[in-house]
Number of protein chains: 4
Amino acid sequence: MTTTQPTRRDGEATRQRLLRAALELYTTVGFRATTTPAIAARAGVAEGTIYRHFSGKEHLLNEVYRGAQHWGTAVVQETGGEAGVPGRLLQIARRLIETAARDAAQTRMLLRRRDEQHLDERSREAEREFRNALQGVVAAGRSGGVVRQGPAELWTDVWLALVAFIAERVGAREWPPEAPPVSMALDAAWDAIAAR
Amino acid sequence: MTTTQPTRRDGEATRQRLLRAALELYTTVGFRATTTPAIAARAGVAEGTIYRHFSGKEHLLNEVYRGAQHWGTAVVQETGGEAGVPGRLLQIARRLIETAARDAAQTRMLLRRRDEQHLDERSREAEREFRNALQGVVAAGRSGGVVRQGPAELWTDVWLALVAFIAERVGAREWPPEAPPVSMALDAAWDAIAAR
Amino acid sequence: MTTTQPTRRDGEATRQRLLRAALELYTTVGFRATTTPAIAARAGVAEGTIYRHFSGKEHLLNEVYRGAQHWGTAVVQETGGEAGVPGRLLQIARRLIETAARDAAQTRMLLRRRDEQHLDERSREAEREFRNALQGVVAAGRSGGVVRQGPAELWTDVWLALVAFIAERVGAREWPPEAPPVSMALDAAWDAIAAR
Amino acid sequence: MTTTQPTRRDGEATRQRLLRAALELYTTVGFRATTTPAIAARAGVAEGTIYRHFSGKEHLLNEVYRGAQHWGTAVVQETGGEAGVPGRLLQIARRLIETAARDAAQTRMLLRRRDEQHLDERSREAEREFRNALQGVVAAGRSGGVVRQGPAELWTDVWLALVAFIAERVGAREWPPEAPPVSMALDAAWDAIAAR
DNA sequence: TATGAATGAGTGTTCATTCAT
DNA sequence: AATGAATGAACACTCATTCAT
């Protein structure tokens, strides 16, 4: 038996539970409707405990948001290898969609476009990193002539809008992650930005 | 006598001002953050006056939402004529985008996908009407072989996701309605659903 | 029967009750310990009602404070006539002490030196007006040679410190307003600042 | 062996730091506004540590208060010698004012008249001791005919009210301890209670 | 029809105190 | 003796809704 650290009352677990509770609430009802009583109840702690780990509701939102953006950035960075740009985008989309099937909240948090007024500078920076990582892939496609002419930023956003749409459906359990509409919509996403 | 009833202190104007104020607030800050004090202040009436015209905040939201959906349905129905399906979709998109340039709120309200928990059955019905009207166009394209194989519903949603993306940019004044990115993205929207 | 105004629900009465409740609490337990539930309970209204009349606890404090300072200024201005400076100061002190006997809160609020961090600029200005009015009397005494040499401001503060001490005792019902200690202490207050 | 006990991890230092931190906070922001997080932070210990040394916030306040009163009593007792009553009072006042210049908190705590609701019986007793010690000096003056007729208690309070006023100014660094207003006000304090 | 004072449930946050370590 | 995570009651304040005018 490898005991898990001499335990020291472990406030880290509480922190994680709070982050998870907030993530789930934010992505289902939005920031305003996510109340501190609800977060605490879902995390199974007292309301005051939130403030031992975060300076406030907004701080908690930002931590959660940042986590999702970092994860998204990692997803982009981990793909690649021998695949060409279309294949790499497909890998990324598949990873996001698979995750959405298991954990709708995380993907939703990554792709959502809401409550931006409550995000701080570091969060926006994390978002930019994710976008830039993805845009790097698209720009490579543009250079290679497989992506349409025009700003890579535009095609990144177009492609992402469609992937977000698919992930939302999968996250909502309307589509299984391997169902035909997913593949069809992924084809459409590529065709939207592919050079003709 | 065709005059609008003379004696009635014409609360209709008040009603319209409330609808407009609510529309603008909903589309910028969301349902929860749209408070009755804010609606009343923006409409220039007392808070209690809201309840002369609507049974509550939720009722007001639904009226506003329904108005936008009906307008969207009308936009779809008014297009057509001799144009083929691609041309007709383009007409529709252009109408929505032009409106977004002049009045971001209306288009945003039509295309937004949020706060659905607060919508009543009639509102959902109005939304379905709009979707169906548009889907009729797309389905015609499918029958005509110009739209991809697969469910018309799917291609309607895909196309709409991209038009919503464009309208949002235009409504936020990031793109003028006639700027190149608009046309490019509209092309992409069509290519996403066009038969190859 | 002279009816008191067509009544129009009269929110002014509520405002006055809130001011009075706050005055009494502030002068007995201090600003921090004066809670909004306590103010509302003492005024016989709901807690939310406070915010219909004042922007917050701090605003309410300032209104109350200003009221006391204005009253103090009026007391100084209403005295005078044929009496010399010593007589005039005595008149002022007597008015303050009589009021303290009937209404300890008002005099306490006028003379208290606490919670200054919560006072706004207008309140400080009102305080300065009171001090200046009183200082005018003391300065006249200095010019007339009946008050000690040295800054009139200093002798104003010294005199006021002792009057505050007396008013506090009277307000606390430890001394009746006409009891010997009051007169003796008033003599002492004058002797403290009188030219020898 | 005169060494301070060697093994004990000397929590006495912690206790002193807590007393000092509390003293400084109480005298600047008051009892209610002095929070346990603030006390702990200023003392450089964890919040829970407070409860190793004191049963609660109120206990801590009382210890601090008692310390100040005992110090005040000692100041009174250490003066005297060949000086007459006026000289002795002046010595006392000077000691208090000098201390205020170096350590505003201690003198403020001795002379403050606030938060009495939180003081326990022993604290009130300590306060009475200080007052009595001082009153002994004043009573001696009365017997000797140099202090006014009337209760010694009254003249003690009058004199102390003015010394508190001076000490406050000095503690607030508005007056240097040797500046002319200090001497003038000290003269006034004596004249207030001196037999004519 | 319109008002706006009043309400009370609910919000985010603070803090004195406890307790396992 | 010391820590600091956890608690829950209390706080200042907001807001959707009601109702007398």
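Every chain is numbered from 1, with letters handed out A, B, ... down the list of sequences. Since we're looking at a predicted model, the values are computed, not measured.
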Within a reach of under 6.0 Å around CZ of A:R114, are more than 12 heavy atoms found that belong to other residues, nucleotides or ligands?
-> yes

First of A:G44 and B:A33 reached from the 5' end of DNA chain F, by closest nucleotide | A:G44

Does D:R15 or B:R32 map to a spot on DNA chain F nearer the 5' end, using the closest nucleotide for each?
->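 Closest to the 5' end, via its nearest nucleotide, is D:R15.
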
State whether [X] places a side-chain N or O below 4.0 Å from either non-bridging phosphate oxygen (OP1 or OP2) of [N].
X: A:T49; N: F:dT7; value: yes
X: B:T36; N: F:dA16; value: yes
X: A:T35; N: E:dG10; value: no
X: B:Y51; N: F:dT17; value: yes
X: D:T14; N: F:dA2; value: yes

Nearest whole Å is fine: how far is [N] [atom2] from [X] [atom1]?
X: D:Y26; N: E:dA16; atom1: OH; atom2: C1'; answer: 11 Å
X: B:L18; N: F:dA16; atom1: CG; atom2: C1'; answer: 15 Å
X: D:L25; N: E:dC15; atom1: CG; atom2: P; answer: 12 Å
X: D:H59; N: E:dT17; atom1: NE2; atom2: P; answer: 12 Å
X: B:I39; N: F:dT17; atom1: CD1; atom2: C1'; answer: 13 Å
X: C:L61; N: F:dA12; atom1: CG; atom2: C1'; answer: 14 Å
X: D:I50; N: F:dA5; atom1: CD1; atom2: C1'; answer: 15 Å
X: C:E12; N: E:dA6; atom1: CD; atom2: P; answer: 10 Å

Ion pair check, B:R108 and B:D103, cut-off under 4.0 Å =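 No.
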
In plain terms, say whether B:R66 and B:D120 are close enough for a salt bridge, that is, a side-chain N and a carboxylate O under 4.0 Å apart.
-> yes

Residue among C:L60, C:L25, C:L23 satisfying side-chain contact (heavy atoms from CB on, under 4.5 Å) with C:T34 |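 Single side-chain contact (heavy atoms from CB on, under 4.5 Å) partner of C:T34 among C:L60, C:L25, C:L23: C:L25.
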
Measure from the side-chain heavy atoms of [X] and tell me the nearest of [options].
X: A:E47; options: E:dG12, F:dT3, F:dT7; result: E:dG12
X: B:H53; options: E:dA2, F:dA12, E:dT3; result: E:dA2
X: B:R52; options: E:dA2, E:dC15, F:dA5; result: E:dA2
X: B:K57; options: E:dT11, F:dT17, F:dT3; result: F:dT17
X: D:V45; options: F:dT7, F:dT3, E:dT11; result: F:dT3

Nearest-nucleotide 5' precedence on DNA chain E, D:E58 against A:P37 =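 Upstream on the strand: A:P37.
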
Between A:R128 and A:E125, is a salt bridge (charged side-chain N to carboxylate O under 4.0 Å, His left out) present by the stated rule, with each step listed?
-> CA-CA 5 Å; A:R128 259 177 264 129; A:E125 172 59 21; 2.5 Å; yes

Which part of the nucleic acid, if any, lies within reach of A:T34 when heavy atoms closer than 4.0 Å are counted: base, sugar-phosphate only, or nothing?
->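 Answer is sugar-phosphate: A:T34 comes under 4.0 Å of backbone atoms only.
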
Take the angle between the ring planes of D:F54 and D:H59 and call it parallel below 30°, perpendicular above 60°, tilted in between.
-> perpendicular

Using both distances under 3.5 Å as the test, list the Watson-Crick or G-U wobble partner of E:dA20, or none.
-> F:dT3

